[in-house]
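All chains are named by letter (A, B, ...) in the order of the sequence lines, taking the proteins before the strands, and each is independently numbered beginning at 1.
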Protein chains: 2
Amino acid sequence: MKQQPVTLKDIAAKLGVSVATVSRALRGYPDIRPETKEAVLELAEEMRYRPNPLAMNLRKNQSNIIGLMIPEVVHHFFSSIIEGVMEIAEEQGYTVMICQSNEDFERERRDVGMLLSARVDGLLISHANSTTDFAHLQEYLDLGIPIVMYDKVTDDLDVSKVVVDDYQGSFQATEHLIVQGCTRIAHIRGPQGVKNAEERLEGYKDALLKHHLPVDEELIKNTYRVDLAEGATATSELLSLPHPPDGIYAVTDLVALGVMQTLRESGISVPNQMAVIGFSNWFVSSVVDPPLSTVHQPGTEIGKTATTMLINEIRLGQADQSVVHETRVLNTRLVVRDSSKRKRG
Amino acid sequence: MKQQPVTLKDIAAKLGVSVATVSRALRGYPDIRPETKEAVLELAEEMRYRPNPLAMNLRKNQSNIIGLMIPEVVHHFFSSIIEGVMEIAEEQGYTVMICQSNEDFERERRDVGMLLSARVDGLLISHANSTTDFAHLQEYLDLGIPIVMYDKVTDDLDVSKVVVDDYQGSFQATEHLIVQGCTRIAHIRGPQGVKNAEERLEGYKDALLKHHLPVDEELIKNTYRVDLAEGATATSELLSLPHPPDGIYAVTDLVALGVMQTLRESGISVPNQMAVIGFSNWFVSSVVDPPLSTVHQPGTEIGKTATTMLINEIRLGQADQSVVHETRVLNTRLVVRDSSKRKRG
DNA sequence: GTGAAAGCGCTAACAT
DNA sequence: ATGTTAGCGCTTTCAC
């Protein structure tokens, strides 16, 4: 009932030649008689021969699989990264094995181990917010398996990295609010110890300093899960301050949406009473009312760049050549929409 | 520099036993001396042995890989399906290889072939809107590789399927608008020949008929790419009708968002002048203003169900047992938000 | 120019 | 209870 896939042996048998000859013909090996080659190619085509990657890879001791650790699949920013990764991987003959950490360190460690067991040739990872110990990744490096970190990276590991310029993006977002006339700008920040959250905080502070505005710790709110609800809570707290802000810069669009919902419920008009800006440029930001200003992070580009770098390192490693790690910083782009656009005067 | 992964041979050598013994100890084979077993287990742990799946799979002639064809990765509905698929796959020891068809038939055919070459044990597919020829899938069936279709399915193939009850969801959405007092309800429909688009159209028509409302072809608009812009265009056309509708039911939320944008620009108030409802329940629908009523499609459940069914068929096939194909219809759920909620009276 | 044989890491008869 | 052998499909010496 279930027909077996065609193997080299099948072709060899039908042609009365050896398996080796068929193999050589198929991979365009030089020392082969043209007629033989042609006969093989023709029969292979006719029998719909497909090389068995498991056998090939076992032989070469490689899998042609790239592991991708991603915090959340259902998330515009991350799914656009996946898209970029897949595009390059497919183009280069690699397949992608995706695992979702859900921002959970234990799960990350388990899945990273699973990918190692699956013999991935390289790993792309944005680590969970809760990750502080990188021993599970060091294990890869000890085995000579390259890692490229993207988005959430750490200085603790000597690997190549792809990040966006969080500091610059954050600086621009804050400065934009200042230019719009805001003088008390709150920042709802990301989790402590997470690099890009820290950089965004720095960019925010430096923009204030540049414009001789005070950095008021009262106006800096923390998040932990970085979600809608935390944006809402932080906003309520900010509104109940004796001297509330006139602008809010949220660490990510989702949080900014929570901000906007609470403002709407509180009858505060955006942008005139309160200017709002987010970070990431999710699709949803463009369709809410008022459309949310934000900082665009080039998700697909991050995915493409990281994958290109990783495959490059994989190939260098296979050729026993030395690799030089590098950190690529991609530019963000300020996207001004109505939520921060004050009328002139 | 690059240390080789530990193999059974390494363990056997260190322990002075044969490879077979080590293999047996590791897989809990009965006929083995407790001391031997313990020694093996201990050393394997110490040496951080990980079985090479390529070797095991080559032996068993299976890959433990599930192929997943998905129209678009960056799409809330589809990424939640991916999440469901990954959850079950990981739980069952399978890995997922994802390919994106981008609604392009040629790309779908190519990628389906690539997955076949990668020797996937089974295939999950939502076919592209443009797919009418299913020979590339029949090839799987001929090879005894199970397929489960989800979301976009066809009657042309004898395989298991997972769909949502588009007809019922559509009927409910339309009836809801009628109950809210709409008497001229437009439908912006999905592409011709695509099954779920046709079913939604039927549900719409039948709801009108049930309530003795005429089906006016003028009020049925087509889409091809099913995007924001088409929703906007269709709305403009509907508004310029001599007798415009008082409710719009769009085939999917994205289209409904285009509808809402155009209505806002035209100064038409939602829901009172025009009630709007979409389909799919994207995350974005809950955060727009007014929040968009819609029909929830359980994406994660679709992914989980389809994967469970597929793995089941894979295992039955491996055990040479017969499989019975079935079609699972998951219920949709009407989500009423402000875009369709008319004031009483 | 082509065949024979070894081996990638593992499992499963078949021996002992 | 353990070792020996063969083989999964493929590539790559080494012969001839």
Side-chain angles (χ1 to χ4, degrees), chain A residues 2-41 43-44 47-65 93 116-121 143 318, chain B residues 2-41 43-44 47-65 93 116-121 143 318:
Chain A
K2 193 199 281 186
Q3 76 187 69
Q4 286 300 310
V6 181
T7 70
L8 287 189
K9 206 156 95 179
D10 300 332
I11 301 181
K14 278 217 175 168
L15 243 44
V17 298
S18 78
V19 186
T21 303
V22 179
S23 170
R24 281 190 275 244
L26 251 21
R27 21 212 59 259
Y29 200 84
D31 278 354
I32 187 117
R33 197 149 46 100
E35 304 92 87
T36 316
K37 181 169 176 177
E38 197 161 326
V40 169
L41 259 43
L43 187 58
M47 296 179 77
R48 318 207 92 239
Y49 168 74
R50 292 165 185 273
N52 185 331
L54 283 85
M56 264 165 87
N57 293 335
L58 174 61
R59 189 89 224 304
K60 301 208 202 113
N61 200 27
Q62 61 181 43
S63 64
N64 280 323
I65 299 174
L116 187 58
S117 291
R119 293 291 201 274
V120 295
D121 287 343
L143 286 164
Q318 285 168 350
Chain B
K2 192 199 285 188
Q3 75 187 69
Q4 286 299 310
V6 182
T7 69
L8 287 188
K9 205 157 96 178
D10 300 332
I11 301 180
K14 277 215 175 171
L15 243 43
V17 297
S18 78
V19 184
T21 304
V22 178
S23 170
R24 282 190 275 243
L26 253 20
R27 24 208 53 261
Y29 200 84
D31 279 352
I32 187 123
R33 193 150 48 101
E35 304 94 85
T36 315
K37 181 169 176 175
E38 197 161 326
V40 169
L41 258 43
L43 186 60
M47 295 178 76
R48 322 208 88 241
Y49 168 74
R50 291 165 185 274
N52 186 331
L54 283 86
M56 268 166 83
N57 292 335
L58 173 60
R59 188 101 221 309
K60 302 208 200 111
N61 200 26
Q62 61 180 45
S63 64
N64 280 321
I65 299 174
L116 187 59
S117 292
R119 293 293 202 272
V120 295
D121 288 344
L143 285 163
Q318 285 167 352

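For B/Ala118, the side chain to side chain contact (heavy atoms under 4.5 Å, CB included) partners are B/Met97, not counting sequence neighbours. When the side chain to side chain donor-acceptor pair (under 3.5 Å) test is applied to B/Thr36, no partner is found at least two apart in sequence or on another chain. For A/Ser63, the side chain to side chain donor-acceptor pair (under 3.5 Å) test picks out A/Asp121, with sequence neighbours left out. Scanning for salt bridge (Lys or Arg N to Asp or Glu O under 4.0 Å) contacts around B/Arg48 gives A/Glu139, with sequence neighbours left out. Under the side chain to side chain donor-acceptor pair (under 3.5 Å) criterion, B/Ser23 pairs with no residue, sequence neighbours left out.
Nearest heavy atom pair, residue A/Leu143 against residue A/Leu116, reads CD1-CD1, 3.8 Å. Annotation for A/Gln62 and B/Leu54: closest pair O-CD2, 3.4 Å, computed over non-hydrogen atoms. Among all heavy-atom pairs drawn from B/Met56 and B/Pro51, the shortest one is SD-CB, 3.9 Å. Of all heavy-atom pairs spanning A/Asn61 and B/Gln4, the tightest one is ND2-OE1, 3.0 Å.
Between A/Leu26 atom CG and C/dT2 atom P the separation is 14 Å, expressed in whole Å. We find that CG of B/Asp31 is positioned 17 Å from P of C/dA15, with the value rounded to whole Å. Across the protein-nucleic acid pair, B/Lys9 atom NZ and C/dG7 atom P stand 8 Å apart, rounded to whole Å. Between B/Ile32 atom CD1 and C/dA12 atom C1' there is a gap of 14 Å when expressed in whole angstrom units. Counting to the nearest Å, the P atom of C/dC10 and the CZ atom of B/Arg27 are 10 Å from each other.
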Which donor-acceptor pairs under 3.5 Å do the side chains of residues 25-35 of chain B make with protein atoms, sequence neighbours left out?
from, atom 1, to, atom 2, distance (Å)
B/Arg33, NH1, B/Glu35, OE1, 2.9

Tabulate below the donor-acceptor pairs under 3.5 Å that side-chain atoms of residues 10-21 of chain A make, not counting sequence neighbours, or state none.
from, atom 1, to, atom 2, distance (Å)
A/Asp10, OD2, A/Thr7, N, 2.9
A/Asp10, OD2, A/Thr7, OG1, 3.4
A/Ser18, OG, A/Ala20, N, 3.4
A/Ser18, OG, A/Thr21, N, 3.3
A/Ser18, OG, A/Thr21, OG1, 3.1

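Note that the CZ atom of A/Arg24 and the NZ atom of A/Lys37 stand 13.0 Å from one another [nearest 0.5 Å]. Atom CG of residue B/Leu8 and atom OH of residue B/Tyr49 lie 3.5 Å apart, to the nearest 0.5 angstrom.
The stretch residues 15-23 of chain A touches DNA chain C through A/Gly16, A/Val17, A/Ser18, A/Ala20, A/Thr21, each having a heavy atom under 4.0 angstrom from the strand. Less than 4.0 Å separates DNA chain C from at least one heavy atom of each of the following residues of residues 53-60 of chain A: A/Leu58, A/Arg59. Of the residues in residues 34-41 of chain A, those lying under 4.0 Å from DNA chain C by heavy-atom distance are A/Thr36.
Side-chain contact between A/Arg119 and B/Pro53 is present, with at least one heavy-atom pair separated by less than 4.5 Å.
When heavy atoms are screened at a 4.0 angstrom cut-off, A/Arg24 is found touching base atoms of the nucleic acid. Here A/Tyr49 lies in heavy-atom contact (under 4.0 Å) with sugar-phosphate atoms only.
Heavy-atom contacts of chain A under 4.0 Å fall on DNA chain D between two terminal nucleotides, which in 5' to 3' order are D/dC8 to D/dT13.
Five base pairs at each end of the helix from C/dG1-D/dC16 to C/dT16-D/dA1 define two local axes, and these are offset by 50° (rounded to 10°).
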